[in-house]
Number of protein chains: 4
Amino acid sequence: MARKSTEERRKEITEGLLEAMAEHGYAGASIKRIAARAGLTPGLIHYHFDTKQAILLALLKRLFVPQIQVLRSLADEANSAEQALESVLEALLSTGDSADPKAVAAWVTIGTEAIREPEINEAYSQALLEIEALFESIVERGVDSGEFDAGELSNRACAAALLAVVEGYFTVAATCREAIPQGTAAQAALRMAKGLLQR
Amino acid sequence: MARKSTEERRKEITEGLLEAMAEHGYAGASIKRIAARAGLTPGLIHYHFDTKQAILLALLKRLFVPQIQVLRSLADEANSAEQALESVLEALLSTGDSADPKAVAAWVTIGTEAIREPEINEAYSQALLEIEALFESIVERGVDSGEFDAGELSNRACAAALLAVVEGYFTVAATCREAIPQGTAAQAALRMAKGLLQR
Amino acid sequence: MARKSTEERRKEITEGLLEAMAEHGYAGASIKRIAARAGLTPGLIHYHFDTKQAILLALLKRLFVPQIQVLRSLADEANSAEQALESVLEALLSTGDSADPKAVAAWVTIGTEAIREPEINEAYSQALLEIEALFESIVERGVDSGEFDAGELSNRACAAALLAVVEGYFTVAATCREAIPQGTAAQAALRMAKGLLQR
Amino acid sequence: MARKSTEERRKEITEGLLEAMAEHGYAGASIKRIAARAGLTPGLIHYHFDTKQAILLALLKRLFVPQIQVLRSLADEANSAEQALESVLEALLSTGDSADPKAVAAWVTIGTEAIREPEINEAYSQALLEIEALFESIVERGVDSGEFDAGELSNRACAAALLAVVEGYFTVAATCREAIPQGTAAQAALRMAKGLLQR
DNA sequence: TATGAATGAGCGTTCATTCAT
DNA sequence: AATGAATGAACGCTCATTCAT
């Protein structure tokens, strides 16, 4: 086995978990399977990660961090709150609707682990809260500019609703793709968002 | 141990799975733990269920069937499509928002198992499709009566969006309750639904 | 595999540990080896014992409890403190000197585990303290009757010294039998004991 | 890392084993832990020692050789056999009673490894036999000078008894310090030795 | 000398399932 | 209908040792 740096190996291993998890779930993604997917020997996994959970946390980070950065850029570059909303939902849901199914399945699976593993919960909750905060900033911008009106709801409650829409499309896409008419997720979400925030 | 009918035992066992799953996830809900929660001996579990997966399917049914019946009644009894929408969302999301967290966690967990277990997927997908069909019938009723206008979206796409909202609130509630301002889920969902379907 | 009660199995398993430990030490006495010695399958070990350490504790008890009972009887039945001392040392050291080498090796091995495992330490310490207490009661009896005189030492310090003699013979017997001229342990120990306690 | 001579490194490594063993026992003293305690990298350990067992042998030597030399000097410098006995027991048991607990624990731990590892057994046995020989020479000197009388026991049997006392105090001190009233070990041992050898 | 990635066997433990009672 | 002992495979993880660098 050619020697590589820990950073390279860690990337390969999280990728191995992604693939193993898509096929077998988290519990079924055994160290042996992760290793096989990554083309490594099982013993090496624990040289680079202390625990299996640590791999999951690394995968969560790898899925989330680039995504949230893209979303923030899109929001920043938009000329209006409405445009920001549109491009963020588009970015999230053309993924949720049609793009990398493995990543979506992994995201949903991580969410389920987060229900009862405190450390996973902390990281996953933080991710959800960052997405929510992004939505809230867009809502606030729209309210300030007069584009939006949250009615009786707080900006935060609106942001939570938008977060729920996105997470919900992920869940449905991962479990019952046929329930979502192809290509309608982003459009329907945007329509709901505008309805939620209309003057 | 006094002998009980198979039906009573099956109910106790699915309840045991619900509780064990809330604490340990599906993989962690061992037969031993399920038995302990149900106050039974491990050997008895396999007398009433062939496999662990069969218990999960029974739990899914137990969670879903009464719920969909209630929802259908609410929709039928409503005087308008809008009122049907309101009472259905209210029924689903006052649950998703504040009611039995164990049931919500179990539902989300079952969804994740459905990603890769064909038999679970079939049952879970059918459940989602039934909820979607209910939403679609409400949308159709509203469109027919002139209350709603789905715009460029098909009735089905609108129903899928409403399904996503509900599932999304469940997921977020199960993993990061603090992300949802208390008591706003049903109201925000209704606002989105009306925006989605406004004339 | 014929079905037996837990109590029978637990006895077989502690016996398996005794034998595996004599040959491989505690760390080397793997569950697999214990099972093989006991003629059981590995999975069954953990049905009857929660942890490997629990087996060690059970073995400690099995080695110690009958022994201390015998010693107490011997002391009680003796007509004088001197005779009590003689029969107790004889009982301990004809064992330590020549009898079941596996049991002696196991005892010494358990002692070493007791250095750093708190639960083992508690049980092993209690065993040592019970032996010491027995010696102390004999010393006290002798002092009271005028047979013995502990000089500047407390009765307890004398008991500790006697305990050390016994434990020391065990250790030397387990590691370097040739260092002890055969059949001299009990006699030499008694001579030392009398010297320690002479008027 | 500045390069150091092999001899210095070997000393650091045996010291690392001593500390790791005090906390985790021999089996639990992994190369990684030894390296960490010694402030070295794991790979380097096997540059200086072929096997883990070789480190244990080196540690045994490091603990034993300086000690036996001191003891021999003390015996040589004494004006009488009795004085020799007194200073040797004092040197051994003010250690066993109160001094470096890590070294005592390590000594006892090495003894247990010696039960079943032939190479360790050889080295440990030799150490015990050298201590015994020292005691035997003191006994012989006393018998020759008329200070001592071994009675029916051989000089060797007396030496073995003294060895047992010392080893026993080590064991008890390592496992159940509270069993030994502080500061009494050397005094009680000497009283026993004199009793053993009295005219 | 020194590093730390890599190996593969083995560890204690858990598990769904079976089945004699 | 019920018990709980029994099975054997698989689990996450640790390990002494090797070796390319």
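The two residues B:Gly28 and B:Arg33 have their closest heavy-atom pair at O-NH1, 2.6 Å.
With rounding to whole Å, B:Ile45 atom CD1 is found 14 Å from E:dC15 atom P. C:Phe49 has its CZ atom 15 Å from the P atom of E:dG12, to the nearest Å. If you take NZ of B:Lys32 and C1' of F:dT3, they are 15 Å apart, rounded to a whole angstrom. Between the NE2 atom of B:His24 and the C1' atom of E:dC15 there is a distance of 14 Å, rounded to whole Å. For the pair C:Ile13 CD1 and F:dA5 P, the interatomic distance rounds to 11 Å; values are reported in whole Å. Across the protein-nucleic acid pair, D:Leu44 atom CG and E:dA5 atom C1' stand 16 Å apart, rounded to whole Å. Atom CD1 in A:Ile55 sits roughly 14 Å away from atom P in F:dC11 (whole-Å rounding). Taking atom NE2 of residue C:His48 and atom P of nucleotide E:dG12, one finds them 18 Å apart after rounding to whole Å.
Between A:Tyr124 and A:Trp107, the two ring planes are tilted [angle within 30° to 60°].
At least one side-chain nitrogen or oxygen of A:Tyr47 sits closer than 4.0 Å to the OP1 or OP2 atom of E:dA5. Here C:Ser30 reaches the OP1 or OP2 of E:dC11: one of its side-chain N or O atoms lies under 4.0 Å away. Remark: D:Arg33 is not in phosphate contact with F:dT14, judged by side-chain N or O atoms under 4.0 Å from OP1 or OP2. Dashed line: the shortest gap from a side-chain N or O of C:Thr6 to OP1 or OP2 of F:dA5 is under 4.0 Å. Neither OP1 nor OP2 of F:dT3 sits under 4.0 Å from any side-chain N or O of B:His46. Residue A:Thr41 has no polar side-chain atom (N or O) positioned under 4.0 Å from OP1 or OP2 of E:dA6.
In this structure, A:Ile31 reaches the sugar-phosphate backbone alone: every heavy-atom distance under 4.0 Å involves primed, P, OP1 or OP2 atoms, never a base. Nucleic acid contact class of B:Ala29 (heavy atoms, under 4.0 Å, all strands): sugar-phosphate only. Across all strands shown, C:Thr51 has heavy atoms under 4.0 Å from sugar-phosphate atoms exclusively, and none from any base.
Separation of atoms OH (D:Tyr26) and OG1 (D:Thr112) is listed at 13.0 Å; rounding is to 0.5 Å.
Taking 4.0 Å as the cut-off between side-chain N and carboxylate O, C:Glu12 and C:Arg9 count as a salt-bridged pair. Between C:Glu15 and C:Arg62 there is a salt bridge, since at least one side-chain N of the basic residue sits less than 4.0 Å from a carboxylate O of the acidic one.
At a cut-off of 3.5 Å, with distance as the only test, no side-chain donor of A:Glu122 or A:Ser125 sits close to an acceptor on the other residue.
With DNA chain F read from its 5' end, the first of the two nearest nucleotides for D:Gln53 and A:Lys52 is the one closest to A:Lys52. Nearest-nucleotide positions on DNA chain F for B:Pro42 and D:Gly28 put B:Pro42 closer to the 5' end. The residue among B:Ala27 and D:Gly43 whose nearest nucleotide of DNA chain E lies closer to the 5′ end is D:Gly43.
The partner of E:dA2 is F:dT21, by the rule that a Watson-Crick or G-U pair needs both atom distances under 3.5 Å.
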